[in-house]
Every structure is written in C-alpha cells, then in structure tokens.
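Read through the structure below, which is laid out as structure tokens, and then see the notes.
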2 protein chains.
Amino acid sequence: MKRPTIADVATRAGVSRSTVSYALSNKRPISEETRLRIQQAIEELGLRPNATAKRLASRERSRNIGFVLPLVTPEMTGLEMKFISGASRAINQADYTFILLAHSDRSPENLLRFAESGLVDGFILMEVYMQDDRVDMLQREGIPFVLIGRCADNTGLTYVDVDIQYALESSFAHLTASGHQAIAYLHKDDDQYGFSVRALREYHAACDRFDISPLLQSCGLSPEEGEVAMNSLLDQHPEVTAAIVWSDIPTVGAVQAIQARGRQIPNDFSIICQEHSIISNLASFVPAVIDIRADEMAAQAAQFLIDLLEDQPIEQPQLLFPPKLVLGER
Amino acid sequence: MKRPTIADVATRAGVSRSTVSYALSNKRPISEETRLRIQQAIEELGLRPNATAKRLASRERSRNIGFVLPLVTPEMTGLEMKFISGASRAINQADYTFILLAHSDRSPENLLRFAESGLVDGFILMEVYMQDDRVDMLQREGIPFVLIGRCADNTGLTYVDVDIQYALESSFAHLTASGHQAIAYLHKDDDQYGFSVRALREYHAACDRFDISPLLQSCGLSPEEGEVAMNSLLDQHPEVTAAIVWSDIPTVGAVQAIQARGRQIPNDFSIICQEHSIISNLASFVPAVIDIRADEMAAQAAQFLIDLLEDQPIEQPQLLFPPKLVLGER
DNA sequence: CTGAAAGCGCTTACAG
DNA sequence: CTGAAAGCGCTTACAG
C-alpha cells in the first residue's frame, strides 16, 4: 500500500530502474516501445517520483527563494505588498519560486532552519537593522542573501536601498522653491532600523544645506499617531508650514490634524509623505509623495539573488534607487 | 572544498558514521569522551547535516504548511492579512512552519510541485471557487488540505467558512428594525467565486423572509468602483435608504457618493460593509460592519489541517462561523 | 557503549 | 538503445 517507486515501475515494465529514470528525465534516447511500456506502468501504478530522493541524488537546488518579511505591524501595508509583487514577478520570470516567510520575530534560527532543510536556496531580507543578527548569521554560514535596505557595516553585502539623500534633497528643493522656511520631519524613532537612522541623518544634512533649522517630531505608524504627532508639532511650532512624514499611514492622521486647525493644504501647509500605497487612494486628500519605487527595487533584489545563486558576476552589488517625487493631485 | 558530511566528522573523530549520527540525534547513549571528540570534530569541520538526506533516510515530513493565496488584487487587503496572521499563529503554536504561497495564478500544477517536492505537508486554500481545479487535483492526488471557503460539491472536504445566511439575516434584522424598507446589495459579480454566489443567494433569501424587494448593483473592489456603483444605484433607485456592500474597500467610495448627494449617514442612509480592515481606520467615517472573524476562521482551518496530518479525528470537518455585526462608531 | 551494513529512492558515469 | 552498479548523505535495525 506504499507509494510506488521507480523500482516498482521498472519491474512492471520489465526494464531496469535506470531506464525508467532516463525515460522520466529524457536524458538519453529510449526506444519507442519501451517508452510506451514504461509510460503505461507509470500510469497503472500512479508513480509520483520522490523529489527528496531526486534532490539528494542529483545534488540539485530547490529553486525556491525565501522572501523574509518580519511582521512589524499586524497589518501588512500597501508598501510591503509592492515589494512582494515586485520580487515575486522577477522570481517567477526566472523560473524560481517565491516563498514568503512572514514571521512575527526576527530570529536567525528560523532562517537557518529553512536554509538547512533545503527549502530555499537563498533569502531576500526586509526590515534590515543597522546591526542585524540575521545578516551576521547568513554571512557566517555562507548562505546566499540580498538585502532590501542595509546595515551599518555593509562590506561584502549585496543590497538595494532607497537613495534617501536624494529623496530629502529633492523634497527640500521642492518645498523651498515654494517658499517654505520651516520644514519639519515626522520621523520614526527607531535607532536600530536602518531606514530611520539614515533618513534622520539625511534630514539634518538637508537642513544644513538649505539653511533651515531642524524640527523633529517622532511619529508612529498609525493614522492616530500621525494625528497626535502633527498636533504636538503645531502646538509647539505654529510657524511650521511644511512637513515630511515618514510613512503614508500616519500622514492620513496628520492631514486631519492640519485641516482641523483650519489650514488648507497645500495653500497654508505643504506635506510630503514617503511612499503611497492603497491607503492614499482612500483618503479624500492625496499629498505629495516620495515614490521609492518599491517594486523596481524588489525586482532588482531578486535578480541580484538569482545572479548570486547562479554564480553570475554582479557589477554593482550595492545599488541605490533615487526615488521619484510625485506631486499631489487633489 | 565541499561541504563536510557525517563521514568526514566520523573519520576525524575516529568513530563510525552511525555513532556521529546518534550523537546528533541523541537516540542512544554516547560516552562522554567520544561525544566530546565528535563535538569537536563537528565544530572544526563546520558540519551542517544535509536535511534532504535526513528526510529521505528517516521518511519524515517537512512540518511545513502551505497557505495558498491567489493574488486577486495587486494589493493585499487587510482582510487577507487577518487570515494570514490567524493561520500562522496557530501553525507556529503547533510547531509547524507557515509558508505563504502567494501566486498570481490559481494553477494546480504549482501546488502539485510543492507537495511532490516535499516542501509542504499540506495546504490551506483561500479564494475557493465553486468548481475549483486545485481542489479536484488535491483530492485526486490524496494531498491533505483544508479550505477557507467551500465549493459547490463539498463531499469529503474539510473547510471553514462564513455563515453567510446568518450574516445577511442579522444585517436585515438590524436594518428593518430601524425602519428600512429598501435595502440594496452592492455585490461582487462573480459566478465562480463561492462567497459571491452564496452571498447573492442569501441576500435573495433574506429579501424573501423580510418581504423586501431585491435591489442589486454589482461592484468592484476599489473605492472608485464603489463610488460608481453607489451613484448608479442612487440614480436608478433614489428610494433606497440602506445598502450592504460586499467589501470595505468599495465602501469608502460608496460613502463618498452618498455624502456627495447631501445625505447623512446613518440618519438618511445606512450602510453595512463586509469586514473591516486597516482601511476602515483611515476613512473619516466608520460604517457598521459584518465582522467575519477571519483570524479565528483561519486558526481553525490550520488546526483542521494539523489534525489531518497527524491522523487525529475531526468531529466537525465542515464548520461555519457566524459573523458578528459591529455597529459604527463615528 | 560502539560498529558494520543495509536501506531510503533516486541519478549517472561506465560498459556493452 | 539498455543494464548493472556505485553513489548522494543520512538513519536504524542488527550484532557485539
């Protein structure tokens, strides 16, 4: 009653096991009549070749790529979905399989287990920290991976990331051209998360360059937190006329806070938010947006990993994507 | 330069391969001193046991569960995330691993490949059609799976699903108690998708029971389509005072259409939408909502699959969850 | 407490 | 065109 094997088929078809194997893989010519006999035996017995044994014997890879997404929010944002669809598109095109590894923790053990089990050939990592245990482990174990984001020390790493300097530079250029002098930044207060750290640094750099005094207000990921943050900012600094918000979700709340004070956007106040996702489509107001080109970045990350897996040289393994500033429509 | 194997470690430690294997698995006592020698050899060589070989030799399962999510929208909705988090929580608790298989197609071939490769032990299927190729294939091949949703013919299937009859019944009870006589349904027009078909049927049944004449308007998944649908409905049937919308996303647009005509919610118009996700938090208006308890359903589906995999009997393998009607707050 | 050997279900040089 | 045999890297009865 056990699952039939190649040996069973061979017996039934009156050939050797190797012939069955070759008939399956088409790696050498088989006469038409034995091919037919084998075919028939396969169907009669319902052979389903054991892929684990095949992998062991032929030392082949799984052709699966693990996309590692720590679930920071219980909800997945539209931005995360863009990364996912960009990566999975590129992965499928290259005839690999996309596997989403969505875990609530960031433990390296989990990844190691996947790699060792042969489940995946390599990883694409999201939500990269400045010091990232997962990166350390993967590097130590010699497991192929690519980052979307980057660490503090990136020697030897392959990554794609946002050109945050460019993002803030162009935002400041746009805002100052419209006459703004007080440009606040509603930032994510997280000194581990690479993006937050770098964005903060580049905000200060932009302030320097444009001769504007920095105005910071930390802000969480929800609309409510955006509202609270903007209210707190406007209470303390009524002179502010423009703000950059680190995510589009709190932007919704921030906009409400501004409007509740009777200030019109963009006439009385300008707001730029990082990335739009489905959420911006739902708000009655669409702000100016820094489009970080998430899908392109993710597709490139996937291509990098595939190159790594196939021992293709990568000319520029640390790639920054300059984002596009998209002005609001409503 | 190849990866070291158990044989290499055995040679270096001066023991047999089986002793190394037993030292690794702790399946029989090893003397302290040979254990130490083996341990040292393992570390010196950096042994990483080949999990594929182990699986083949010990005929064990992967303990991975595939959560199959056809990407109907490019964006993943908050509702889908609820299913994912509910299922992954239950799966992790049972010491299995959650793998999200997010594909843009619904091809059975893909699933078969995963199952045969030994990558996953079984599947949880989302977006089930009345006639579903994937279900047919999995049944034919004898691969364990559980549905979130159901087919036309469900003999022998294990599933969890929304009690749609209850959902519409309680919505109608609520609306008629408030005096509504004209209750429209903005439905998804899809005669393959089980949920749509059943919801439509139950809407008609509820109309019968409450003596209300059916008023249908088909409606897509985006806010824009919700707006268009509601406008079209109100143009043709200005007498309508209440509507049930099949998803929360178009509800956002539908609400705008209603408000644009100067009608107040809930005073002049009542609206109930199926499920809230992050999106409802963003709209300035929160409608009454049919909470389908997605996380509980998904967790139950996961438990069913684990029971199936571990040959545990399932007393009620076809389970309907009565949803909760949650009234709006703003 | 330890070893020699058979086996898991395939693949693939080596022969003919 | 086909077969006998060794091998992939483990596990696990069988012996001692």
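Protein chains get the first letters and strands the later ones, always in sequence-line order, with residue 1 at the start of each.
Listed candidates were C/dT12, C/dC10, D/dC10. Nearest to the side chain of A/Ile6 is C/dC10. For A/Val15, whose side chain is taken as the heavy atoms from C-beta onward, the closest listed nucleotide among D/dC10, D/dC8, D/dG3 is D/dG3. Ranking C/dC10, D/dT12, D/dG9 by closeness to the B/Leu56 side chain, first place goes to D/dG9. Distance from the side chain of B/Arg59 is smallest to C/dC8 among D/dT12, D/dC8, C/dC8. The side chain of B/Ser31 has C/dT2 as its nearest neighbour among D/dT2, C/dG9, C/dT2.
Remark: C1' of D/dT12 and NZ of B/Lys54 are 13 Å apart, rounded to the nearest angstrom. Counting to the nearest Å, the P atom of D/dG9 and the CG atom of A/Asn50 are 17 Å from each other.
Scanning atom types as modelled, one donor and one acceptor separated by under 3.5 angstrom connect the side chain of B/Arg28 and the base of C/dG3. The base of C/dA5 is not paired with the side chain of B/Ser18 by any donor and acceptor separated by under 3.5 Å.
Closest-nucleotide positions on DNA chain C for A/Ser58 and B/Ser16 were compared, and the one nearer the 5' end corresponds to B/Ser16. Along DNA chain D, the nucleotide closest to A/Pro29 and the one closest to A/Arg17 are compared, and the more 5′ of them pairs with A/Pro29.
Under 4.0 Å is where a charged nitrogen must lie from a carboxylate oxygen, and between A/Asp161 and A/Arg150 at least one such pair does.
Between B/Thr34 and the phosphate of C/dT2, there is a side-chain N or O to OP1/OP2 separation shorter than 4.0 Å.
No donor-acceptor pair closer than 3.5 Å links the side chain of B/Arg17 to the backbone N or O of B/Ile6. B/Asn154 places no side-chain N or O within donor-acceptor distance of the main-chain N or O of B/Leu157, the cut-off being under 3.5 Å.
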Walk me through it: do A/Phe321 and A/Val160 pass the test side-chain contact (heavy atoms from CB on, under 4.5 Å)? CA-CA 7 Å; A/Phe321 280 67; A/Val160 298; 4.1 Å; yes
